[in-house]
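Nothing here was measured: the structure is a model prediction, and the numbers come from that model. Values below: every heavy atom of this structure, side chains too, minus hydrogens, waters and symmetry copies.
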Amino acid sequence: SQQGEEDPQALSIQEGENATMNCSYKTSINNLQWYRQNSGRGLVHLILIRSNEREKHSGRLRVTLDTSKKSSSLLITASRAADTASYFCATDYTGANSKLTFGKGITLSVRP
Amino acid sequence: DAGVIQSPRHEVTEMGQEVTLRCKPISGHDYLFWYRQTMMRGLELLIYFNNNVPIDDSGMPEDRFSAKMPNASFSTLKIQPSEPRDSAVYFCASSDPLGQTYEQYFGPGTRLTVT
């Protein structure tokens, strides 16, 4: 399977703390993306990192990519209760022709 | 743009009935994707289109499922006959890779319950 796998499966933190989520994948990729899904909603794109990039920032989000280890991490700094959601990594692997393969997601709970 | 539009938002039907889910992608997007999400299996890609042409339907579970895209602004996913195990949330997404943004834009989903 080409599926990305996230860990942990669930994460509970206090508001203000940082949240770190990890994703591993199996084959060469063009890019890796992170998405958020609030309960009962569709997925929303957060950030994309290309295979030739190592780190990217967007607001309170920081994503890293290690192609040698086939892994990525998403860091959310100074978490807020509104960050409570499920987070998915998605890989656009070489030759996939725009198709994304999603992991099963991480459930993040941020306690006020 | 209003984003990806799906209808209906909720559908409850009896086993054996035909179900049709509808999707309007974002204008100008030339890729359209149909996904199914369940607790057990996560988010699964069923089929995707490029310029209205089906590119990969390997995720379609069986012949009871069919999808069409008659034009750039409309797609349907049909299940006939429906079974209880088809109960899931079905998402439609669109993207515009030629714009150099590979992100997918998801609709709100259709929650299907087959009794």
*Only counting residues at least two apart or in another chain, list the ones meeting ring pair (Phe, Tyr, Trp, His ring centres under 6.0 Å) with A:Tyr87.*
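Partners of A:Tyr87 under the ring pair (Phe, Tyr, Trp, His ring centres under 6.0 Å) test: none.
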*Residue by residue, which of residues 71-79 of chain B have a heavy atom closer than 4.5 Å to a heavy atom belonging to chain A?*
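Counting heavy atoms that sit under 4.5 Å from chain A, no residue of residues 71-79 of chain B is involved.
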Is there a chain of hydrophobic side chains (I, L, V, M, F, W, Y, each step under 4.5 Å between heavy atoms) that links [X] to [Y]?
X	Y	result
B:Tyr31	B:Phe49	no
B:Val4	B:Leu112	no
B:Ile47	B:Phe106	no

*At a heavy-atom separation under 4.5 Å, does B:Gln37 approach chain A through its side chain, its backbone, both, or neither?*
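Only the side chain of B:Gln37 comes within 4.5 Å of chain A.
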From [X] [atom1] over to [Y] [atom2], what is the distance, rounded to the nearest 0.5 angstrom?
X	Y	atom1	atom2	answer
A:Lys104	B:Met39	NZ	CE	10.5 Å
B:Glu103	A:Leu100	CD	CG	10.5 Å
B:Tyr35	A:Leu43	OH	CG	8.5 Å

*Side chains of A:Gln37 and B:Phe91 in contact at under 4.5 Å (non-hydrogen atoms)*: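 With C-beta onward as the side chain, the pair touches.
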*Would you indicate whether B:Lys68, at its atom NZ, is surrounded by more than 12 heavy atoms from other residues, nucleotides or ligands within a distance under 6.0 Å?*
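At most 12 heavy atoms, drawn from other residues, nucleotides or ligands, come within 6.0 Å of this atom.
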*Any chance CD of A:Gln9 has more than 12 other-residue heavy atoms, nucleotides or ligands included, within less than 6.0 Å?*
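Count not over threshold, so no.
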_Once side-chain contact (heavy atoms from CB on, under 4.5 Å) is applied, do any residues pair with B:Asp56, and if so which ones, sequence neighbours excluded?_
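For B:Asp56, the residues satisfying side-chain contact (heavy atoms from CB on, under 4.5 Å) (neighbours in sequence not counted) are A:Lys99, B:Tyr48, B:Ser58.
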Listed pairs under 3.5 Å, donor-acceptor, residues 9-26 of chain B side chains, sequence neighbours left out:
| residue | atom | partner | partner atom | Å |
| --- | --- | --- | --- | --- |
| B:Arg9 | NE | B:Gly109 | O | 3.3 |
| B:Arg22 | NH1 | B:Thr20 | O | 3.4 |

